[in-house]
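Inspection log for the structure reproduced underneath, given as structure tokens.
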Protein chains: 2
Amino acid sequence: MTLQQLRYLLAIADSGLNITAASERLYTSQPGISKQLKLLEQELKVQLFTRKGKSLVDITPAGSDVIARARKIMLEVQNIRSLASDLSGEEEGTLSIATTHTQARYVLPEIIKNFRDRYPKVNLELHQGTSEQIAELVTNNVVDFAIATGSRNLFPELVLLPGFHWDRIVLVPKNHELARMDGQLNLPMLANYPLVTYVFSLTGESSFKNAFAVQGLEPDVVFTARDADIIKTYVLMGIGVGIVAGLAYEQGDKENFVALSAEDLFPRCTTWIGFRRDSVLRGYMVDFISLFASYLTPELTREAAVLGSQGEIDALFSDITVPTRGGCGQEDV
Amino acid sequence: MTLQQLRYLLAIADSGLNITAASERLYTSQPGISKQLKLLEQELKVQLFTRKGKSLVDITPAGSDVIARARKIMLEVQNIRSLASDLSGEEEGTLSIATTHTQARYVLPEIIKNFRDRYPKVNLELHQGTSEQIAELVTNNVVDFAIATGSRNLFPELVLLPGFHWDRIVLVPKNHELARMDGQLNLPMLANYPLVTYVFSLTGESSFKNAFAVQGLEPDVVFTARDADIIKTYVLMGIGVGIVAGLAYEQGDKENFVALSAEDLFPRCTTWIGFRRDSVLRGYMVDFISLFASYLTPELTREAAVLGSQGEIDALFSDITVPTRGGCGQEDV
DNA sequence: CGCGTTTACGTCGTTCGTAACGATA
DNA sequence: TATCGTTACGAACGACGTAAACGCG
């Protein structure tokens, strides 16, 4: 058994049991992989794949077990490489982040700019997707960090650190009647207007609709989109009243919109950053986290990383004030 | 990085940082190990050991981290080998057990006889030691099973399955006055005699002395030994009254001793069998467990093995009757 | 001077890539 | 016939073992 053989094995499994594809992914020859797989099966005296003719058509039970353990092994190999590279003072490597549109568009740009200045040799990868896609990327170990909001239950085996809180805002065109409104906005008023807001994720749905439901209201959602830019576009067209993350309100929006605080109408949201509990955090990774939320010092992050359960981590943060970002755009850049 | 290199690394660490010793342990040449270590350090760009001249004198922090992860890797490699060998129907391998004297002497012989009949090609290793030594053997992964009594807290990361309960007995020579006693034995009576019993382990001490302490008594322990045979010898010499495991009472003892039940005097003990949660159980291993305690069927064992915490395992056994062995020697062979 | 490690070197085995072949749809 | 996997073969690399040199106590 060789690390190579396990690497090849995983590549085959991750390439849809196509050995040629695996060879291309690994920049090596196809017969080499074929042969190593055969050698591995020979040594273990177990068929790892079922064959139809010469093609691999399925993974045997033994195969899936071996593959699962091979993954664990390769993860530890990666960890050894990471920590060694870190301890030898190298400031290069890859930082892979999976995140949602809002974070990628309104939060991360400045953070990433600072990070690149500090670590010019670190290769940055940014994957944008839904919560479910992020969960998949992070469990498959293709990204180092997940940055998302809500739906913590999608990420059971991650260490989740709260980054900051934020509230929703209500966006209307300047000539809208709500723009001239005096006094406090409330949910019954909002329920009278057609609304434009985010696509409900499987888990996030509750917090928005529930806010109306507890007051016996049914919101009239006429349009949903994945990102605030599209919502703004349609709000500007007069389709409806926009409800977006306060983070999404930018300087230039003042010309077209009036933003009304909705922090009393909907529960406050938390953007957190998560990473696999069993992975080594390189120096630049904890630094990234502190750039992401300055109160998350390297010490605090490493302290949380060694804790066993999310419960303990939450307890660690229970007596720490998590900052709030955004709002009606006054303080957010 | 190679599995070989990691294997060599662990051998060095386990040989007191003596490369020559490591080479002998692995039946290979010493320069080979030297070279691979150098290559590994070169690839990781980290010193894994501190050197004094040419000798290795200590493990660097980086080294201990790498070693820890290498152990995890080699463990998974072993697991892959085990399950593959098992699935390919091989009934050979090694079964390594660490246990105490009482189990090794009075319980295991018959079990092992049956096991050897069933699996003649499996190599059996039996390590005898104190609870602390057993704990060390099992955490260092040199044995597959630990079979012991009490002191469960010494084995936090093991899956512990209750095998059977047993009680202590009081052993006196035939001509002793207690042998002619009518009625029930009690602790105040025992406290009047010099006692001979087991060496108190760090954790087991409480259950024996506490039984006296709660009645405000102080036992007069004149002699302690690791095994019942020695206790019997001294009891026969008239040194004192013996208190041993019921398991230790054999047919031949009837000629010399009178055994009095002590099951109402001391708390009942449980002998359990434990194995590392993260290790693969080969077919012959679960069969051994069912030989050890017939009610521990392969299904039950495998069910317990996948549970996350000892609490869940204990819950699994809460509604199962664990058998009792020994007693005053009537039913024990 | 013994013990342990490193260096040097020759041999052997293994891996890898190219090319040709085979099977399957 | 196109796609994918296996076989065959030669070249290159790497691992291993022996022998000798080096450093340290």
Side-chain angles (χ1 to χ4, degrees), chain A residues 1-60 62-63 66-67 70 73-74 77 80-81, chain B residues 1-60 62-63 66-67 70 73-74 77 80-81:
Chain A
M1 193 182 321
T2 320
L3 285 181
Q4 208 95 309
Q5 291 172 345
L6 299 181
R7 209 165 65 97
Y8 287 178
L9 173 66
L10 295 185
I12 294 172
D14 292 340
S15 305
L17 311 193
N18 182 324
I19 297 185
T20 306
S23 72
E24 283 160 5
R25 173 188 294 219
L26 297 179
Y27 306 105
T28 183
S29 75
Q30 178 272 321
I33 302 213
S34 235
K35 181 149 196 195
Q36 292 305 315
L37 172 62
K38 180 169 297 184
L39 281 173
L40 181 60
E41 288 185 319
Q42 219 166 314
E43 180 183 343
L44 298 180
K45 294 182 206 147
V46 167
Q47 287 266 98
L48 300 175
F49 300 99
T50 56
R51 271 111 166 144
K52 189 173 178 179
K54 293 186 171 178
S55 298
L56 313 182
V57 294
D58 212 348
I59 304 176
T60 64
V66 172
I67 288 170
I73 290 174
M74 295 314 288
V77 168
I80 288 179
R81 290 219 169 91
Chain B
M1 191 182 323
T2 320
L3 284 181
Q4 208 97 308
Q5 291 172 346
L6 299 182
R7 208 165 65 97
Y8 287 179
L9 173 66
L10 295 185
I12 294 172
D14 292 340
S15 306
L17 311 192
N18 182 325
I19 296 185
T20 304
S23 73
E24 284 160 3
R25 173 188 296 221
L26 297 179
Y27 307 106
T28 183
S29 76
Q30 177 272 322
I33 304 218
S34 236
K35 182 150 195 199
Q36 292 305 316
L37 172 62
K38 180 169 296 184
L39 281 173
L40 182 60
E41 288 186 318
Q42 218 166 314
E43 179 182 343
L44 298 179
K45 294 179 205 149
V46 168
Q47 288 266 99
L48 299 176
F49 300 99
T50 56
R51 272 114 166 139
K52 190 174 180 181
K54 295 184 171 181
S55 299
L56 313 182
V57 293
D58 212 347
I59 305 176
T60 63
V66 172
I67 287 171
I73 289 174
M74 295 315 288
V77 169
I80 288 179
R81 291 218 169 92

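Convention: sequence-line order gives letters A, B, ...; per-chain numbering from 1.
Two residues, A/Thr2 and A/Lys52, neighbour DNA chain C, and the one matched to the more 5' nucleotide by heavy-atom proximity is A/Thr2. When each of A/Gly53 and B/Leu17 is assigned the nucleotide of DNA chain C with its nearest heavy atom, B/Leu17 is the one assigned upstream, toward the 5' end.
A side-chain contact (heavy atoms from CB on, under 4.5 Å) with A/Ile12 holds for exactly one of A/Asn18, A/Ile19, A/Ile67; it is A/Ile19.
Distance CD (A/Gln4) to C1' (C/dG13): 16 Å, rounded to an integer number of Å. Regarding B/Gln5, its CD atom lies at a distance of 14 Å from the C1' atom of D/dC16, rounded to whole Å. In this structure, B/Met1 places its CE atom 17 Å from P of D/dG14, rounding to the nearest Å. In this structure, A/Leu26 places its CG atom 15 Å from C1' of C/dT15, rounding to the nearest Å. In this structure, A/Gln36 places its CD atom 11 Å from P of C/dT14, rounding to the nearest Å. Taking atom OH on B/Tyr27 and atom P on D/dC16, their separation rounds to 17 Å, with Å as the unit. Regarding B/Leu39, its CG atom lies at a distance of 6 Å from the P atom of D/dA15, rounded to whole Å. Whole-Å rounding puts the B/Glu24 CD to C/dC3 P distance at 12 Å.
Among the protein residues, A/Thr20 comes within range of the sugar-phosphate backbone only, with heavy atoms under 4.0 Å from sugar or phosphate atoms but none that close to a base. Nucleic acid contact for B/Tyr8: sugar-phosphate only, since backbone atoms but no base atoms lie under 4.0 Å from a heavy atom of the residue.
Proximity of a side-chain donor or acceptor of B/Thr28 to a complementary backbone N or O of B/Ser23 within less than 3.5 Å is not detected. A donor-acceptor pair under 3.5 Å links the side-chain atoms of B/Thr50 to the main chain of B/Asp58, judged by distance alone. Of the possible polar contacts, one joining the B/Glu43 side chain to the B/Met1 backbone as a donor-acceptor pair under 3.5 Å is found.
Phosphate proximity of C/dC3 to B/Asn18: absent, as no side-chain N or O sits under 4.0 Å from OP1 or OP2. Between A/Ser29 and the phosphate of C/dT18, there is no side-chain N or O to OP1/OP2 separation shorter than 4.0 Å. Here B/Ser55 does not reach the OP1 or OP2 of C/dC3: none of its side-chain N or O atoms lies under 4.0 Å away.
Between B/Glu41 and B/Lys35 there is no salt bridge, since no side-chain nitrogen of the basic residue lies less than 4.0 Å from a carboxylate oxygen of the acidic one.
Atom-to-atom distance recorded for A/Ile59:CD1 and A/Leu48:CG is 9.5 Å, nearest 0.5 angstrom. Expressed to the nearest 0.5 Å, how far CD of B/Gln5 lies from CG of A/Leu3 amounts to 9.0 Å.
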For nucleotides 6-10 of chain C, give me every protein contact, N/O to N/O, under 3.5 Å, one pair per line with atom names.
residue : atom : partner : partner atom : Å
C/dT6   : OP2  : B/Ser34 : OG           : 2.1
C/dT7   : OP2  : B/Lys38 : NZ           : 2.4

